[in-house]
K.L.:
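Supplied in structure tokens, the structure appears directly below.
For the single chain, residues carry numbers from 1 onward in sequence order.
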Amino acid sequence: MVDVHYQRIINATPQELRDTLLDHQDLSDFFNASFKVLRAANNSEVSGGVGCVREVNILGVSFKEEIVKADTGGIEYRVVDNFPVKDHRGVIRFFAQGSLTKVSYRISCCAPWYIPNWLLTRLLQHDIEQCLNKLGARFDPR
């Protein structure tokens, strides 16, 4: 089992962060991947929220992710079809602290037999740190 976690305090509200991270077409600003919406969010859900399915393309590998939770408390998503990893779940939590928000990002999954756990851990850790650091820079560009 692989479990990675990173936190950062960002100069934005939980709603601003949620809306930014649910703008799937622009997520490549934060990740080294491209994103394409395949299915819109369920009716009565925030744009890009629950029910939305996006295709992610990274390093020539494509897979689908589904948003399973999206509100001002956070966003949760899962990889559909257990490919390229099994039981992949991403959980991003927002904790308002005055005009700032503490963002906690955790990914857990099981690596396939052909990818060592240490390598997948390193890759995912890099991705979530890069995401939150770029997200922080977007709202506090010093």
K.L.:
For the residue pair Val37 and Gln25, establish whether any side-chain heavy-atom pair is separated by less than 4.5 Å.
P.N.:
yes

K.L.:
Would you check if Ser62 and Val56 make a side-chain contact, meaning some heavy-atom pair closer than 4.5 Å?
P.N.:
no

K.L.:
Can you name the nearest heavy-atom pair linking Ser28 to Ala33, along with the distance?
P.N.:
CB-O, 3.0 Å

K.L.:
For side chain to side chain contact (heavy atoms under 4.5 Å, CB included), just list the numbers for Leu17 and Ile92, CA-CA rounded to whole Å, side-chain angles, deciding distance to a tenth of an Å, and then say yes or no.
P.N.:
CA-CA 10 Å; Leu17 294 166; Ile92 304 168; over 6 Å; no

K.L.:
Taking side chain as C-beta onward, heavy atoms only, is Val50 less than 4.5 Å from Val68?
P.N.:
no

K.L.:
Do the non-hydrogen side-chain atoms of Cys109 and Asp87 ever get within less than 4.5 Å of each other?
P.N.:
no

K.L.:
Quick check: His88 with Tyr77 (ring centres under 6.0 Å apart)?
P.N.:
yes

K.L.:
Can you hop from Tyr105 to Met1 via hydrophobic side chains spaced under 4.5 Å?
P.N.:
no

K.L.:
For residues Phe94 and Thr13, determine if any side-chain heavy atom of one lies less than 4.5 Å from a side-chain heavy atom of the other.
P.N.:
no

K.L.:
So for atom NZ, which belongs to Lys36, do other residues, nucleotides or ligands contribute more than 12 heavy atoms lying within a distance under 6.0 Å?
P.N.:
no

K.L.:
Write down the atom of Cys52, the atom of Gly48, and the distance for their closest heavy-atom approach.
P.N.:
CB-O, 3.5 Å

K.L.:
Could you check whether Lys64 pairs with Glu55 (Lys NZ or Arg NE/NH1/NH2 to Asp/Glu carboxylate O, under 4.0 Å)?
P.N.:
no

K.L.:
Is there a donor-acceptor pair under 3.5 Å between the side chain of Thr101 and the backbone N or O of Ala12?
P.N.:
yes

K.L.:
So do Phe139 and Glu16 actually touch side chain to side chain, heavy atoms under 4.5 Å?
P.N.:
yes

K.L.:
In sequence, state the C-alpha distance, the side-chain angles, and the governing distance for Asp29 and Lys134, and then conclude on salt bridge (charged side-chain N to carboxylate O under 4.0 Å, His left out).
P.N.:
CA-CA 8 Å; Asp29 292 352; Lys134 286 183 174 184; over 6 Å; no

K.L.:
To the nearest 0.5 angstrom, please state how far the CG atom of Leu27 sits from the CG atom of Leu22.
P.N.:
8.0 Å

K.L.:
Nearest 0.5 Å please: distance from the CG atom of Asn133 over to the NE2 atom of His126.
P.N.:
9.5 Å

K.L.:
Please list, chain by chain and in numerical order, all residues satisfying side-chain contact (heavy atoms from CB on, under 4.5 Å) with Val4, sequence neighbours excluded.
P.N.:
Val2, Ile107, Thr121, Leu124, Gln125, Ile128

K.L.:
Going from CD1 on Ile115 to CG on Leu123, what distance comes out if it is rounded to the nearest 0.5 angstrom?
P.N.:
8.0 Å

K.L.:
What residues join Leu100 in its hydrophobic cluster, counting side-chain heavy atom gaps under 4.5 Å, either direct or through other members?
P.N.:
Ile9

K.L.:
What's the shortest heavy-atom distance between Phe30 and Gln130, and which atoms?
P.N.:
O-NE2, 3.3 Å

K.L.:
Would a single hydrophobic cluster contain both Val91 and Leu21, if residues Ile, Leu, Val, Met, Phe, Trp and Tyr are joined by side-chain heavy-atom contacts under 4.5 Å?
P.N.:
no

K.L.:
Can you measure from OH (Tyr6) to OG (Ser104) and round to the nearest 0.5 angstrom?
P.N.:
11.5 Å

K.L.:
Hey, is Arg106 close enough to Asp3 for a salt bridge, meaning N to O under 4.0 Å?
P.N.:
yes

K.L.:
Tell me whether Glu76 is salt-bridged to Arg93, with the criterion being a basic N under 4.0 Å from an acidic carboxylate O.
P.N.:
yes

K.L.:
Do NZ/NE/NH1/NH2 and the carboxylate oxygens of Arg18 and Asp71 come within less than 4.0 Å?
P.N.:
no

K.L.:
Thinking salt bridges, do Arg39 and Glu66 make one under a 4.0 Å N-O criterion?
P.N.:
yes

K.L.:
Let me confirm one number: the CG-OG distance from Asp23 to Ser47, rounded to the nearest 0.5 Å.
P.N.:
8.0 Å

K.L.:
For Ile67 and His24: C-alpha separation, side-chain torsions, deciding distance, then whether side chain to side chain contact (heavy atoms under 4.5 Å, CB included) applies.
P.N.:
CA-CA 11 Å; Ile67 305 299; His24 306 291; 3.9 Å; yes

K.L.:
Can you name the nearest heavy-atom pair linking Val46 to Ala41, along with the distance?
P.N.:
O-CB, 3.6 Å

K.L.:
In Å, rounded to the nearest 0.5 Å, how long is the span from CD1 of Ile10 to CG of Asp140?
P.N.:
9.5 Å

K.L.:
Walk me through whether Asn117 and Leu120 qualify under side chain to side chain contact (heavy atoms under 4.5 Å, CB included).
P.N.:
CA-CA 5 Å; Asn117 278 348; Leu120 185 57; 5.6 Å; no

K.L.:
Does the side chain of Val85 come within less than 4.5 Å of Phe63's, by heavy atoms?
P.N.:
no

K.L.:
Looking at Lys86, I want to see if its NZ is surrounded by more than 12 non-hydrogen atoms of other residues, nucleotides or ligands under 6.0 Å.
P.N.:
no

K.L.:
Search all heavy atoms of Pro112 against all heavy atoms of Pro84 and return the closest pair with its distance.
P.N.:
CG-O, 3.5 Å

K.L.:
Under 4.5 Å between any side-chain heavy atoms of Lys102 and Gln7, yes or no?
P.N.:
yes

K.L.:
So, does Asp81 use its side chain to make a donor-acceptor pair with the main chain of Phe83 at under 3.5 Å?
P.N.:
no

